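Taking it in order: structure first as structure tokens, then the write-up.
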Amino acid sequence: MPELPEVETIRGDLDLQLRGARLESVTVSRRWKSLPHTRFHENRSFERRLRGTLVERVDRRSKYLLFQLQPPATLIVHLGMSGQLLLVERSAPRELHTHAVFRIDRGHELRFTDPRMFGRLWLVGADEVEQKIGPLGPEPLSAAFTWRVLATKFAKKQAPVKAALLDMKVVAGVGNIYSDEALFEAGVHPLRACASLTPDELKQLAAHLKSVLRRAVKSRGTTLSDARYADVFGEYGGHVPKVYGRAGAPCLQCGTAVVRGVLGNRGYHFCPRCQR
DNA sequence: CAATCAACCTGGGTGC
DNA sequence: TGCACCCAGGTTGATT
């Protein structure tokens, strides 16, 4: 569910709310503990090792949230498709599919819920983070990400550009919504082979990717009508996609019906007239 | 190595 | 009402 702008919204709020807070206790559901260690680093001491730790800072890399703790350790959280982190009062009724509860001082709880259970929770040493979440390409909003990075990575790539944008090794944190949006705004057809893009198209693509991600962060993410992304306070995002999820509806630029295609088991959306 | 695809899960919507 | 699909914002391991 959440991509870079949604995860970044959550990160910012958690950093403000939890910096300096102590995790009084941590409980993980039996169901979640039964997951393979690729999704839950169960070492029997997850709860015990977290109890009493201090949250020093909350970082983000790609779609991963990194809780930097004291004594030194990193809690890695990935929300998968349907994961949520909710900051609530302890007395509030427990949400369905709650898999982990972090009791915070001052009477609050951080609850991790995830109906589809594609999320991950890992507790690792600070030096183990890279190997756990990597290898990852550059952060698209960093100065290190330019059209020249794309030019290098695309030079010998025959895969469709849509697939490449979803590849975390090419660029980190971009998912199905924002790859569709960036391609639409750049006027590039999703099925174009990476290596066929001209320098001008690469410039457009890099610039529009940065632009749409920045706008989405400012709007606190995207919440589709049929899905339920919410921030840590349960509030929805205000960003509205231009093509994603609009199959059959008129293109906002030319009025042509937006087309939905399937690539690698995932739907994508584009305007057959504006995107070449 | 690069590209493609099935699998991992649950729940909501649709059409018969 | 029941049921059999189809769809969903992600990642990854197996297979070509």
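As the structure is a computational prediction, the values presented were derived from the model and not from experiment. When reading the values below, keep in mind they use all heavy atoms of this one structure, side chains included, and skip hydrogens, waters and symmetry mates.
Residues A:Glu3 and A:Tyr229 have side chains that never bring a donor and an acceptor to within less than 3.5 angstrom of each other.
Note on residues 78-102 of chain A: pairs passing salt bridge (Lys or Arg N to Asp or Glu O under 4.0 Å), not counting sequence neighbours, are A:Glu24-A:Arg90, A:Glu95-A:Arg111. For residues 261-276 of chain A, the set of pairs meeting the side chain to side chain donor-acceptor pair (under 3.5 Å) definition, not counting sequence neighbours, comprises A:Asp180-A:His269. For residues 241-252 of chain A, the pairs satisfying salt bridge (Lys or Arg N to Asp or Glu O under 4.0 Å) are A:Glu185-A:Lys242, with sequence neighbours left out. Applying the side chain to side chain donor-acceptor pair (under 3.5 Å) rule to pairs touching residues 62-78 of chain A yields A:Glu56-A:Gln70, A:Asp59-A:Gln68, A:Gln68-A:Thr74, sequence neighbours excluded.
Interface residues of residues 149-159 of chain A facing DNA chain B, ordered by number: A:Lys157, A:Gln158, A:Ala159; criterion, heavy-atom separation under 4.0 Å. Listed by residue number, A:His78, A:Gly80 are the residues of residues 73-80 of chain A with a heavy-atom contact under 4.0 Å to DNA chain C. If you check residues 160-178 of chain A against DNA chain C, the residues with a heavy atom closer than 4.0 Å are A:Met168, A:Gly175, A:Asn176, A:Ile177, listed by number.
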What donor-acceptor contacts under 3.5 angstrom involve side-chain atoms of residues 115-125 of chain A, with partners at least two apart or in another chain?
{"from": "A:Trp122", "atom 1": "NE1", "to": "A:His37", "atom 2": "O", "distance (Å)": "3.4"}

Show me the side-chain donor-acceptor pairs of residues 169-176 of chain A shorter than 3.5 Å, one per line, residues at least two apart or across chains.
{"from": "A:Asn176", "atom 1": "OD1", "to": "A:Lys162", "atom 2": "NZ", "distance (Å)": "2.7"}
{"from": "A:Asn176", "atom 1": "ND2", "to": "A:Gly267", "atom 2": "O", "distance (Å)": "2.9"}

Point to revise | Watson-Crick and G-U pairing of DNA chain B, under 3.5 Å, as dot-bracket with | and [ ] | key: .|||||||.|||||||

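Residue A:Thr222 is in base contact, counting any heavy-atom pair closer than 4.0 Å across all strands shown.
Atom-to-atom, CZ of A:Arg246 to P of C:dG9 comes out at 17 Å; the value is rounded to the nearest Å. Atom OH of A:Tyr244 is separated from atom C1' of C:dG9 by 5 Å (rounded to the nearest Å). Whole-Å rounding puts the A:Arg61 CZ to C:dG10 P distance at 17 Å. Regarding A:Leu4, its CG atom lies at a distance of 14 Å from the C1' atom of C:dG10, rounded to whole Å. Atoms CG (A:Leu263) and C1' (C:dG10) sit 15 Å apart, rounded to a whole Å. Rounded to an integer number of Å, the gap from A:Tyr268 OH to C:dC7 C1' is 17 Å. Going from atom CG of A:Asp180 over to atom C1' of C:dG9 covers 11 Å, rounded to whole Å.
A salt bridge is absent between A:Glu130 and A:Arg61; no separation between the charged side-chain nitrogens and carboxylate oxygens falls under 4.0 Å.
Between A:Lys63 and C:dG9 there is no side-chain polar atom (N or O) within less than 4.0 angstrom of OP1 or OP2. Look at A:Arg266 and you'll find a side-chain N or O under 4.0 angstrom from OP1 or OP2 of C:dG9.
The closest donor-acceptor contact from the side chain of A:Gln204 to the backbone of A:Val188 lies at 3.5 Å or more, if one exists at all. Judged purely by atom type and a 3.5 angstrom limit, A:His108 has no side-chain atom pairing as donor or acceptor with the backbone of A:Leu87. A donor-acceptor pair under 3.5 Å is absent between the side-chain atoms of A:Ser45 and the main chain of A:Arg48, judged by distance alone. Formation of a donor-acceptor pair under 3.5 Å by the A:Ser82 side chain with backbone atoms of A:Asp114 is not found in this model. When atom types are taken as modelled, the side chain of A:Glu47 and the backbone of A:Ser25 share no donor-acceptor pair closer than 3.5 angstrom.
With sequence neighbours excluded, no residue forms a ring pair (Phe, Tyr, Trp, His ring centres under 6.0 Å) with A:Phe102.
The closest side-chain heavy-atom distance from A:Val149 to A:Thr152 is not below 4.5 Å.
A distance of about 23 Å separates the C1' atoms of C:dG9 and B:dA3, rounded to the whole Å. Taking atom P on both B:dC9 and C:dC3, the two are 24 Å apart, rounded to the nearest angstrom.
Nearest heavy-atom pair across A:Pro190 and A:Pro160 is O-CB, 3.6 Å.
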Exercise for review: Let me have a per-nucleotide readout for nucleotides 7-15 of chain B, 5' to 3', with B, S or -, counting only protein heavy atoms under 4.0 Å.
Suggested key: -BBBS----

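The side chain of A:Thr38 approaches C:dG13 more closely than any other nucleotide in the set C:dG9, C:dG13, C:dT11. When distances are taken from the side chain of A:Arg260 to each of C:dG13, C:dG9, C:dC7, the shortest belongs to C:dC7.
Using bins of under 30°, 30° to 60° and over 60° for the plane-to-plane angle, the ring pair A:His99/A:Trp32 lands in the tilted bin.
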